[in-house]
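The structure appears below as structure tokens.
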Amino acid sequence: MRVPAVIYADASLLRDMDQKVYEQITNVASLPGIVEAAYAMPDAHWGYGFPIGGVAAFDPDQGGVVSAGGVGFDISCGVRTLHTGLQLADVRPYKQQLADALYKAIPAGVGSKGRIHLNHDLMHGMLTGGAQWALEQGWGEDSDLERMEEGGRMVGAVASYVSPKARERQKDEMGTLGSGNHYLEVQRVAEVYDQHVANVFGLRVDDVVISIHCGSRGLGHQIGTEFLRDMAIAASQYRIDLPDRELACAPLTSPLGKQYLGAMRAAINCALANRQIITHLTRDAVKTVFPGVHLGLLYDVSHNTCKLEQHAINGQKKALFVHRKGATRAFGPGHPDLPAVFRQVGQPMLIGGSMGTSSYVLCGTQESEKRAFNSACHGAGRAMSRHQATKQWQGSALVDDLADRGIIIRSPSLRGVAEEAPGAYKDVSVVVDVADRAGLARKVAQLEPLICIKG
DNA sequence: ATGTAC
């Protein structure tokens, strides 16, 4: 190991944590050019190479690397939350109607396709323009952009590094949710922990919000697949001794490293555009039930990225490439990259729970910088495999149980629902409490699900 | 996460 490995957890999370997390975070700590420490967030679980819930920063001047497995297959998977201006009492009588409208409007499930088809020029615009491009196409409002990381457009995206196959897989998938843990949820604010910050974020108890969790679909997956292969082949050429083949990586200064960064940034734009188009579809769908309602964006976060950021190392600012795989950026108050509306209080962080359980809104703190390069958890984190979950739960029974609790589930796949059983996840409340107590982030509000459109 | 295998 070149640096220590640090796991943020309490006794209960540590006891249940997959032993693979210890092994994987230790392996990450041995990669070339890693700085300070390799970190595992409280929701960490076994992933490909890096644990999901892993954070690691690399210095390009010390032989630092970029790893496709350190970002994950679903590049720039993330969450955005929209205000509705509605209260629980407004929505309650129309829940079925709203669920129907949303399920009809937003394609969900494995291989889901949308009504948008990208030709070569549109694909290029999307890969380089992100949510800004989506706005230019008419899918959104100007005011949306400042409420996204990178202002809705990741600079440094290089469309020519995105393969024809990756483009082919994506051309009919814009504005679709996908499968797995992706969802669109109508939620109510159940509790506020920090009144001042909640006011700035526009959240009051019983306000209804809509959260969208999805990523870069087939495109990100294809880019991840191709570069993992190429990085594994190139590792010996770069004389990198890998403790695990899945940690395939390339020096940040190498041609392959730069190609991956260019393609990954294009995938970040794809995810931003995708969530933007789904936002537009959501606005239209909600209007069919609540004609006068306007959905304003609270914020959009990515939790699978590698970003170039300035961080203090031994009192000196350094430009580092921070991998966050299943980890949410947590910029604190005063950070220059935050829009004016959040600069006093810190970045909103949207933490999706498991199906049928709470989600949380957190915010970045000054302390976050000293803990894990301004990072915290991204969700509940799996506690068992998908296969194990399907053996233990039936999708139809879960849908019925949740309906009894007033939560409407709409999904094209009952097996998908079983894989996402709440019991297959850690307790998200424990995860965010640990994040709060460890100083990774601060709790702002708790959200409870009313309707879940599940991929 | 994923055209759940190429």
Side-chain angles (χ1 to χ4, degrees), chain A residues 18 20 24 43-54 67-79 107-114 117-118 162-174 176-184 212-230 232-233 246 248 263-264 266-268 270-272 274-275 278 301-306 323-328 352 354-355 378-391 395 411-421 424-425 453-455:
Chain A
D18 194 322
K20 276 282 181 184
Q24 292 192 317
D43 51 337
H45 57 106
W46 183 13
Y48 187 94
F50 281 55
I52 295 160
S67 170
V71 172
F73 282 95
D74 190 4
I75 296 167
S76 199
C77 182
V79 181
V110 181
S112 47
K113 293 186 189 314
H117 312 289
L118 301 185
V162 177
S163 72
K165 194 167 181 181
R167 292 159 186 257
E168 175 64 28
R169 285 181 66 173
Q170 192 59 35
K171 70 178 183 3
D172 301 323
E173 289 193 340
M174 297 308 295
T176 66
L177 269 182
S179 63
N181 62 0
H182 291 166
Y183 60 77
L184 180 147
I212 297 162
H213 178 210
C214 63
S216 54
R217 306 287 286 105
L219 182 127
H221 191 273
Q222 186 62 29
I223 290 169
T225 302
E226 291 169 8
F227 278 93
L228 274 164
R229 179 198 62 204
D230 293 349
I233 293 167
E246 292 185 0
M264 179 208 64
I268 291 178
C270 177
L272 287 165
N274 193 33
R275 289 194 289 273
I278 293 173
V301 301
S302 292
H303 47 231
N304 284 359
T305 58
C306 176
H323 294 63
R324 294 188 182 89
K325 179 187 189 180
T328 311
S354 51
M355 183 183 58
H378 82 306
R382 287 202 83 89
M384 69 172 72
S385 71
R386 294 181 183 286
H387 182 68
Q388 209 176 335
T390 56
K391 287 197 288 187
S411 174
S413 166
L414 284 173
R415 187 178 125 194
V417 169
E419 288 179 350
E420 293 298 315
Y425 280 81
I453 311 299
K454 190 80 193 156

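The sequence lines fix the lettering, A, B, ..., with proteins before strands; numbering per chain opens at 1.
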Of all residues at least two apart in sequence or in a different chain, which pass the side chain to side chain contact (heavy atoms under 4.5 Å, CB included) check with [X]?
{"X": "A:Thr305", "result": "A:Ser76, A:Ile268, A:Ser302, A:Lys307, A:Arg324"}
{"X": "A:Glu168", "result": "A:Lys171"}
{"X": "A:Ala232", "result": "A:Arg245, A:Ala248"}

Provide the full list of salt bridge (Lys or Arg N to Asp or Glu O under 4.0 Å) pairs with a residue in residues 220-229 of chain A, sequence neighbours left out, each pair given once.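 Residue pairs with at least one partner in residues 220-229 of chain A: there are none.
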Kindly give the atom pairs (protein nitrogen or oxygen, nucleotide nitrogen or oxygen) under 3.5 Å for nucleotides 2-6 of chain B.
unit_1 : atom_1 : unit_2   : atom_2 : d
B:dT2  : OP1    : A:Arg217 : NH1    : 2.8
B:dT2  : OP2    : A:Ser179 : N      : 2.7
B:dT2  : OP2    : A:Ser179 : O      : 3.3
B:dT2  : OP2    : A:Ser179 : OG     : 2.8
B:dT2  : O4'    : A:His221 : NE2    : 3.4
B:dT2  : O2     : A:His221 : NE2    : 3.4
B:dG3  : OP1    : A:Arg169 : NH2    : 2.1
B:dG3  : OP2    : A:Glu173 : OE2    : 3.0
B:dG3  : O6     : A:Lys165 : NZ     : 3.4

Please tabulate, for side-chain N and O atoms in residues 43-53 of chain A, each donor-acceptor pair with protein atoms closer than 3.5 Å (sequence neighbours left out).
unit_1  : atom_1 : unit_2   : atom_2 : d
A:Asp43 : OD2    : A:His378 : N      : 2.9
A:Asp43 : OD2    : A:His378 : ND1    : 2.6
A:Asp43 : OD2    : A:Gly379 : N      : 3.1

